[in-house]
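These numbers come from the heavy atoms of this one structure, side chains and all, not from hydrogens, waters or symmetry mates. All of these numbers come straight from a predicted model, not from anything done at the bench.
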Amino acid sequence: MRIRFAAAALLIALPATAAQAMDVATFLAKVDALQKKGMLALLSSDYRDVKTESEAAIREIAAEGRAAKAARKPPLACPPGGKAQTDSNEVIAYFRAMPPDRRARTQVKDALLALLVRKYPCRR
């Protein structure tokens, strides 16, 4: 089963807690376990963990973007129309392309932000 990121989720604006921070290696291990479970993955606590972490990362990135805009700093990423769109396959492929030693040191939010900055660079 493939876990989908909803493009609309990028607009969620609630603050996230640092207690939810998960590294990319842990995230990918949970995703792998979920993919092996197929449809039963929806009943797994790992599904909730992956979904919660994804949503928290998106909220944090959105909050950082709003803070940069309020401080009149350059935007973090510049998606067309102001709405970034990505899917779980793209995100997971990007995470898997990271060197394994870096995965353990990188939080999901930071890796997702790096993907968005790479995908939607700002032209100055």
Non-hydrogen atoms of L34 and Y47 that approach each other most closely: CD2-N, 3.5 Å
Using 0.5 Å steps for rounding, measure from the CG atom of L116 to the CD1 atom of I58. 8.5 Å
Heavy-atom pair with the smallest gap, counting every atom of C122 and A77: SG-C, 3.5 Å
Let me confirm one number: the CZ-NZ distance from F27 to K109, rounded to the nearest 0.5 Å. 15.0 Å
Show the numbers, then the answer: is there a salt bridge (charged side-chain N to carboxylate O under 4.0 Å, His left out) between D32 and K36? CA-CA 6 Å; D32 289 342; K36 289 178 185 174; over 6 Å; no
With sequence neighbours left out, what residues match T106 under side-chain hydrogen bond (donor to acceptor under 3.5 Å, both in side chains)? none
V50 side chain reached by V31 side chain, heavy atoms, under 4.5 Å: yes
Considering non-hydrogen atoms only, spot the tightest contact between C78 and P121 and give its length. CB-O, 3.9 Å
When you compare the side chain of D49 with that of K30, does any pair of heavy atoms fall below 4.5 Å? yes
What residues form a side-chain hydrogen bond (donor to acceptor under 3.5 Å, both in side chains) with E90, not counting sequence neighbours? T86, K119
Flag side-chain contact, heavy atom, 4.5 Å: R103 against D23: no
Does any part of the side chain of R118, heavy atoms only, come nearer than 4.5 Å to the side chain of Y94, both counted from C-beta? yes
Worked verdict on Q85 versus Y120 for side-chain contact (heavy atoms from CB on, under 4.5 Å): CA-CA 10 Å; Q85 294 185 7; Y120 302 111; 4.1 Å; yes
Quick one: are S54 and K51 in side-chain contact, heavy atoms under 4.5 Å? no
Just so I know, are the side chains of E64 and L76 near enough to count as touching, which here means a heavy-atom distance under 4.5 Å? yes
Distance check, rounded to the nearest 0.5 Å: Q35 atom CD versus L28 atom CG? 9.5 Å
Is the shortest side-chain heavy-atom distance between K37 and S44 below 4.5 Å? yes
CG (L115) and CE (M98) are apart, to the nearest 0.5 Å, by 10.5 Å
